[in-house]
Novice: 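Starting off with a structure, shown below.
Values reported hereafter were calculated over all heavy atoms of this structure, with side chains retained and with hydrogens, waters and symmetry mates removed. Not measured: the values here are computed from a predicted model.
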Amino acid sequence: MMSGTLTVIIGLCGSGKSWLLNKLHQAHPGSMAFDEQMSDHGKPGIKRRKEIAKALKAGNDCFVADLFVGKAAKRRTVVRHLRKLVKGLRIVWMFYEVNLKRCNDNCGLRKKGDPKGHRRINRKWAPLLEAPKQAIMLKTFKLTKEK
């Protein structure tokens, strides 16, 4: 059996990662969706990568939203681990433009979560994000209000 394809969505908080993750997952029956944690340090990240690898090896396509693999060094570490777990791993990268103002404005419209914390994360991570080679580049849209 051929393993599934891993699609990784990278972007700042408020860029649209979770929205796109859910849309892709809904449109692709039999796929698995994972929101964050793939790049976490230590046991949580290892556990999440093993969950993803198990699903891929079972033939499921997997969609993952993860801000922190936008940093090249972290991405290399995560990919190295996943390649050990899944032979012949296929990855599609989707990268939201780094538009700090628009993403922070979008975070401010959220009714749930921690908009201030997300804006703080964005200010720290915006200068560190770098699109993977051959990534599908995505535009960050301005939200009018959360539905």
Novice: Could you tell me which residues satisfy ring pair (Phe, Tyr, Trp, His ring centres under 6.0 Å) with Trp125, sequence neighbours excluded, listed by chain and number?
Specialist: Phe68
Novice: Please tabulate, for side-chain N and O atoms in residues 72-89, each donor-acceptor pair with protein atoms closer than 3.5 Å (sequence neighbours left out).
Specialist:
unit_1 : atom_1 : unit_2 : atom_2 : d
Lys74  : NZ     : Ser39  : O      : 3.1
Arg75  : NH1    : Val69  : O      : 2.7
Arg75  : NH1    : Gly70  : O      : 3.4
Arg75  : NH1    : Glu130 : O      : 3.2
Arg75  : NH2    : Glu130 : O      : 3.3
Thr77  : OG1    : Ala73  : O      : 3.2
His81  : ND1    : Arg49  : NE     : 2.6
Arg83  : NH1    : Leu89  : O      : 3.1
Lys87  : NZ     : Lys84  : O      : 3.4

Novice: Does anything in residues 4-15 pair up under side-chain hydrogen bond (donor to acceptor under 3.5 Å, both in side chains), and if so which pairs, sequence neighbours excluded?
Specialist: Thr5-Arg90
Novice: Residues in salt bridge (charged side-chain N to carboxylate O under 4.0 Å, His left out) with Arg48, at least two apart?
Specialist: Glu51
Novice: Closer than 3.5 angstrom, by distance alone: can the side chain of Asp66 be matched with the main-chain N or O of Met38 as a donor-acceptor pair?
Specialist: yes
Novice: Quick one: CZ on Arg102 to NZ on Lys139, what's the gap to the nearest 0.5 Å?
Specialist: 5.0 Å
Novice: Would you name the heavy atoms of Asn106 and Gly14 that are closest together and state the gap between them?
Specialist: ND2-O, 2.9 Å
Novice: Suppose we screen for side chain to side chain contact (heavy atoms under 4.5 Å, CB included). Which residues come up paired with Lys116, at least two apart in sequence or across chains?
Specialist: Asp114, Arg119
Novice: For Asp105, check side chain to side chain donor-acceptor pair (under 3.5 Å) against everything at least two apart and list the hits.
Specialist: Lys101
Novice: If I take atom CG from residue Leu143 and atom SG from residue Cys107, how far apart are they, to the nearest 0.5 angstrom?
Specialist: 9.0 Å
Novice: Other than Leu138, which residues form its hydrophobic cluster under the rule that side-chain heavy atoms must be closer than 4.5 Å?
Specialist: Ile9, Trp19, Leu20, Leu21, Leu24, Phe63, Val92, Met94, Tyr96, Ile136
Novice: Can you list the residues that meet the side chain to side chain donor-acceptor pair (under 3.5 Å) rule with Asn104, with sequence neighbours excluded?
Specialist: Asn122
Novice: Could you tell me which residues satisfy ring pair (Phe, Tyr, Trp, His ring centres under 6.0 Å) with Phe34, sequence neighbours excluded, listed by chain and number?
Specialist: none
Novice: I need the minimum non-hydrogen distance between Ile121 and Cys13, along with the two atoms involved.
Specialist: CG2-SG, 4.1 Å
Novice: Listed by chain and number, what are the side chain to side chain contact (heavy atoms under 4.5 Å, CB included) partners of Lys43, not counting sequence neighbours?
Specialist: none
Novice: Out of curiosity, Leu12 CG to Glu97 CD, how far, rounded to the nearest 0.5 Å?
Specialist: 9.5 Å
Novice: For the side chain of Lys17 and the backbone of Ala65, is there at least one donor-acceptor N/O pair under 3.5 Å apart?
Specialist: no
Novice: Can you list every pair that meets side-chain hydrogen bond (donor to acceptor under 3.5 Å, both in side chains) and has a residue in residues 26-36, with sequence neighbours left out?
Specialist: Ser18-Asp35, His25-Ser31, His28-Asp61
Novice: Side-chain heavy atoms under 4.5 angstrom apart, residues restricted to Ile, Leu, Val, Met, Phe, Trp, Tyr: same cluster for Val98 and Leu128?
Specialist: yes
